[in-house]
Amino acid sequence: MASGEEDGSVEEKENNNKKRTKSALATAWLTFYNIAMTAGWLVLAVAMVRFYLQKGTHKGLYRSIARTLKFFQTFALLEVGHCAIGMVRTSVIVTGVQVCSRLFMVWFVTSSIRQVQNAESVLLFLVVWTLTEITRYSYYTFNLLNHLPYFIKWARYNLFIVLYPLGVCMCVCVCVLTVLCLRRGYGQAVGVRGWQRSGRDVSIQYDVV
């Protein structure tokens with residue numbers, strides 16, 4: 001009887017040790033991931049500020065940061081995997097919708113039509129995304145390290161109130177402009193050369209945003 005209790009106790013200890021090891025590995029990976037994403041969006045922020053200071057305009061900004069933006073936004077697909085395997089307690093569906101909507105904007109909307117890239121609404125959603133992601137990923141990083149500064153926590157739960165609806169509105173504006181461009185016969189489809197008129201790209205002025 002005592003032998004059976006000892007075997008059960010040893011097995012329970014082994015299971016607890018395995019859980020602790022998995023938890024430690026998950027925490028280490030999530031810390032690395034969030035640090036990398038924070039750094040990535042900080043790089044984007046610096047690139048945006050530098051471009052504006054050098055050029056004095058936002059026109060051409062999107063093209064200058066497109067590759068970096070696509071890389072880090074696509075890298076965010078890992079968050080769906082984190083939810084799927086239970087590494088974080090968040091809905092897979094909600095996270096998937098959020099990530100995929102961003103990828104749709106980056107890969108299929110703003111990258112499809114060059115003229116839309118210079119719209120003010122694109123600039124605004126880039127600024128909103130950058131502020132949101134720097135705040136979000138830095139919050140997760142400090143939280144995992146058990147050292148969460150008050151201003152990071154404050155920014156995480158207060159800036160969201162303004163940035164989230166503003167970001168959604170700007171994305172809707174960009175989608176509307178994209179549809180208008182397609183109806184007018186301008187733009188370039190993904191993987192296809194852009195349509196042209198008279199052998200020249202046509203620049204469109206937007207007064208909507």
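Keep in mind it's a predicted model, so treat the numbers as computed, not measured.
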In Å, rounded to the nearest 0.5 Å, how long is the span from [atom1] of [X] to [atom2] of [Y]?
{"X": "Arg183", "Y": "Thr178", "atom1": "CZ", "atom2": "OG1", "result": "13.5 Å"}
{"X": "Leu144", "Y": "Thr31", "atom1": "CG", "atom2": "OG1", "result": "4.0 Å"}
{"X": "Ile152", "Y": "Thr135", "atom1": "CD1", "atom2": "OG1", "result": "6.5 Å"}
{"X": "Leu30", "Y": "Met37", "atom1": "CG", "atom2": "CE", "result": "12.5 Å"}
{"X": "Arg50", "Y": "Leu53", "atom1": "CZ", "atom2": "CG", "result": "9.5 Å"}
{"X": "Glu133", "Y": "Gln73", "atom1": "CD", "atom2": "CD", "result": "6.5 Å"}

Side chains of [X] and [Y]: does their closest heavy-atom pair fall under 4.5 Å?
{"X": "Leu69", "Y": "Leu126", "result": "yes"}
{"X": "Thr132", "Y": "Phe160", "result": "no"}
{"X": "Leu159", "Y": "Leu131", "result": "no"}
{"X": "Thr110", "Y": "Phe125", "result": "yes"}
{"X": "Ser138", "Y": "Arg156", "result": "no"}
{"X": "Leu77", "Y": "Leu103", "result": "yes"}

Grab the two heavy atoms, one from [X] and one from [Y], that are nearest each other, plus how far apart they are.
{"X": "Cys171", "Y": "Trp129", "answer": "SG-CZ2, 3.9 Å"}
{"X": "Cys83", "Y": "Val88", "answer": "SG-CG2, 3.7 Å"}
{"X": "Ser111", "Y": "Gln117", "answer": "CA-NE2, 3.9 Å"}
{"X": "Leu177", "Y": "Ala119", "answer": "CD1-CB, 3.7 Å"}
{"X": "Asn34", "Y": "Thr141", "answer": "CB-OG1, 3.1 Å"}
{"X": "Phe51", "Y": "Lys59", "answer": "CZ-O, 3.4 Å"}

Check for me, please, whether [X] and [Y] land in the same ILVMFWY cluster - side-chain distances under 4.5 Å, paths through other members count.
{"X": "Val116", "Y": "Phe108", "value": "yes"}
{"X": "Leu166", "Y": "Ile161", "value": "no"}
{"X": "Phe71", "Y": "Phe104", "value": "yes"}
{"X": "Val94", "Y": "Tyr137", "value": "no"}
{"X": "Val168", "Y": "Val97", "value": "no"}

Any donor-acceptor pair under 3.5 Å from [X] side chain to [Y] backbone:
{"X": "Asn143", "Y": "Tyr139", "value": "no"}
{"X": "Asn118", "Y": "His58", "value": "no"}
{"X": "Ser64", "Y": "Leu61", "value": "yes"}

Exercise. Taking the six-membered ring for Trp, are Trp29 and Phe32 parallel (under 30°), tilted (30 to 60°) or perpendicular (over 60°)?
Worked result: tilted
Problem set entry | Check: Tyr33 ring centroid to Tyr140 ring centroid under 6.0 Å | no
For this session: Inspect the contact between Arg136 and Glu79 and indicate whether a charged nitrogen and a carboxylate oxygen are less than 4.0 angstrom apart.
Result: yes
